[in-house]
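Notes follow once the structure below has been shown.
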Amino acid sequence: MKITVIGAGFVGATAAQLIANKELANEVVLVDIVEGIPQGKGLDMYESMHVLESDTKIIGTNNYEDTANSDIVIQTAGIPRKPGMTRDDLMKTNSSIVKSCIDSAFKYSPNAKFIIVSNPLDVMTYVAQNTTGLGRDRVFGMAGVLDTARYCSFISEELGVSMQDIRGLILGGHGDTMVPLTRFTTVSGIPVEDLIAKDKLDAICKRAANGGGEIVNLLKTGSAFYAPASSAVQMVEAIVRDQKRILPCSIMLEGEYGYKGVVVGVPVVLGKNGMEKVIELKLNAEEKKALDTSVQHVKETIDSAKSLLNI
Ligand code: APR
């Protein structure tokens with residue numbers, strides 16, 4: 001198993017180290033446009049493997065030739081969101097970065113699966129899929145896992161119970177319009193709506209939807225990276241270990257939930273073949289309305305990316 005991480009910044013480097021710590025690959029390649037950064041971080045990480053008792057080989061490079069024949073490519077390169085900047089503001093710059101990185105990586109790893117992390121996530125996944133011409137089974141975005149992790153962690157905190165007992169689901173675009181599904185959220189099988197009052201649960205959903213912004217406002221000079229990197233690695237693990245996990249991922253919809261040609265987060269089965277199955281839930285009128293709003297928002301951003309990039 002060879003895994004390439006494009007972007008040796010906060011998210012990319014953290015993801016590379018987690019992959020190596022968990023020995024999810026024999027080889028991890030960290031690639032970045034800045035000379036010295038991927039090499040330095042890669043070497044530092046490689047030297048930590050002795051202490052961490054992992055035999056994963058890590059290299060850093062500026063050359064895509066070194067990424068050849070990767071099984072999985074994680075795309076994190078891009079500029080992070082700054083305070084006051086929406087994910088949509090990022091679209092212009094990151095579209096061309098994602099297009100050029102994915103183009104180079106795909107040339108050397110035509111059989112890889114591509115996990116997109118760069119923001120605005122749903123649009124960047126669209127750009128990546130369009131760049132490779134691959135099916136949605138091999139190009140998908142990491143957003144729902146992160147949004148759900150934030151949501152579940154707030155529920156765990158509110159109830160004072162283990163994180164592991166919370167099972168939740170967030171659908172839709174990765175942004176303020178995302179759709180937390182409280183009706184499908186349980187705490188060790190107990191419906192969360194029986195445990196937390198509606199106003200408190202609404203506040204938790206709102207906080208989850210603004211989870212990225214909350215961190216940006218605290219950090220001031222960057223965006224979240226521990227939870228985003230961990231979330232991407234959970235997707236990697238599901239594929240590498242063929243776990244068939246049901247995780248919300250951003251994929252191109254082909255009629256599911258009543259939408260076509262738009263990339264948004266829905267629950268899917270992740271295994272050795274990548275995105276193996278889309279799970280369609282029966283949504284009630286209120287949930288469907290919220291999903292409609294989110295999809296419409298993503299669709300508008302995809303349309304502007306399409307005209308910007310001529311794709
Ligand atoms: N090719 C390769 N690497 C690039 C390119 C490029 N064309 N352009 C930028 N990079 C690299 C930068 O040199 C930097 O090392 O991408 C890295 C981005 O790292 P950070 O600035 O630390 O950003 P990070 O916090 O990792 O976020 C990366 O993930 O969660 C999203 O919104 C976030 O889009 C952002 C991405």
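Every number for a ligand or one of its atoms is a count from 1 in the order of the listing.
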Original post:
Within the structure, does S100 bring an N/O atom to less than 3.5 angstrom of an N/O atom in ligand 1?
Top reply: no
**OP:** Using distance alone, determine whether F10 and ligand 1 share an N or O pair under 3.5 Å.
**Re:** yes
Original post:
Should L43 and I58 be counted in the same cluster of Ile, Leu, Val, Met, Phe, Trp and Tyr side chains packed under 4.5 Å apart?
Top reply: no
Original post:
Do F106 and I97 sit in the same hydrophobic cluster, where Ile, Leu, Val, Met, Phe, Trp and Tyr count as joined when their side-chain heavy atoms come under 4.5 Å apart?
Top reply: no
Which ligand 1 atoms does [X] reach within 4.0 Å, using its non-hydrogen atoms?
X	result
V117	29 (O), 30 (O), 31 (C)
N94	34 (O)
T76	28 (C), 29 (O), 36 (C)
V34	13 (O)
I79	34 (O), 35 (C)
I97	5 (C), 6 (C), 7 (N), 8 (N)

Original post:
Hey, which of I302, T301, D122 is the one that makes side-chain contact (heavy atoms from CB on, under 4.5 Å) with V262?
Top reply: I302
Subject >> Among V31, I33, I74, closest by any non-hydrogen atom to atom 5 (C) of ligand 1 >> reply: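 Checking each option, the heavy atom nearest atom 5 (C) of ligand 1 is found in I33.
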**OP:** Only heavy atoms count here, so choose which of G222, P120, G78 is nearest to atom 9 (C) of ligand 1.
**Re:** G78
Original post:
Y151 and T185: side-chain donor and acceptor closer than 3.5 Å?
Top reply: yes
Flag if over 12 foreign heavy atoms under 6.0 Å of [atom1], [X]:
X	atom1	result
Y46	OH	no
Y108	OH	yes
K289	NZ	no

Original post:
Does ligand 1 have any atom that is closer than 4.0 Å to a heavy atom of C101?
Top reply: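 Judged by the 4.0 Å heavy-atom criterion, C101 does count as contacting ligand 1.
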**OP:** State if S118 counts as touching ligand 1 under the rule of any non-hydrogen atom under 4.0 Å.
**Re:**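 Contact present.
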**OP:** For K299 and G261, indicate whether the former's side chain and the latter's backbone hold a donor-acceptor pair under 3.5 Å.
**Re:**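 Side chain of K299 to backbone of G261, a donor-acceptor pair under 3.5 Å: no, none is there.
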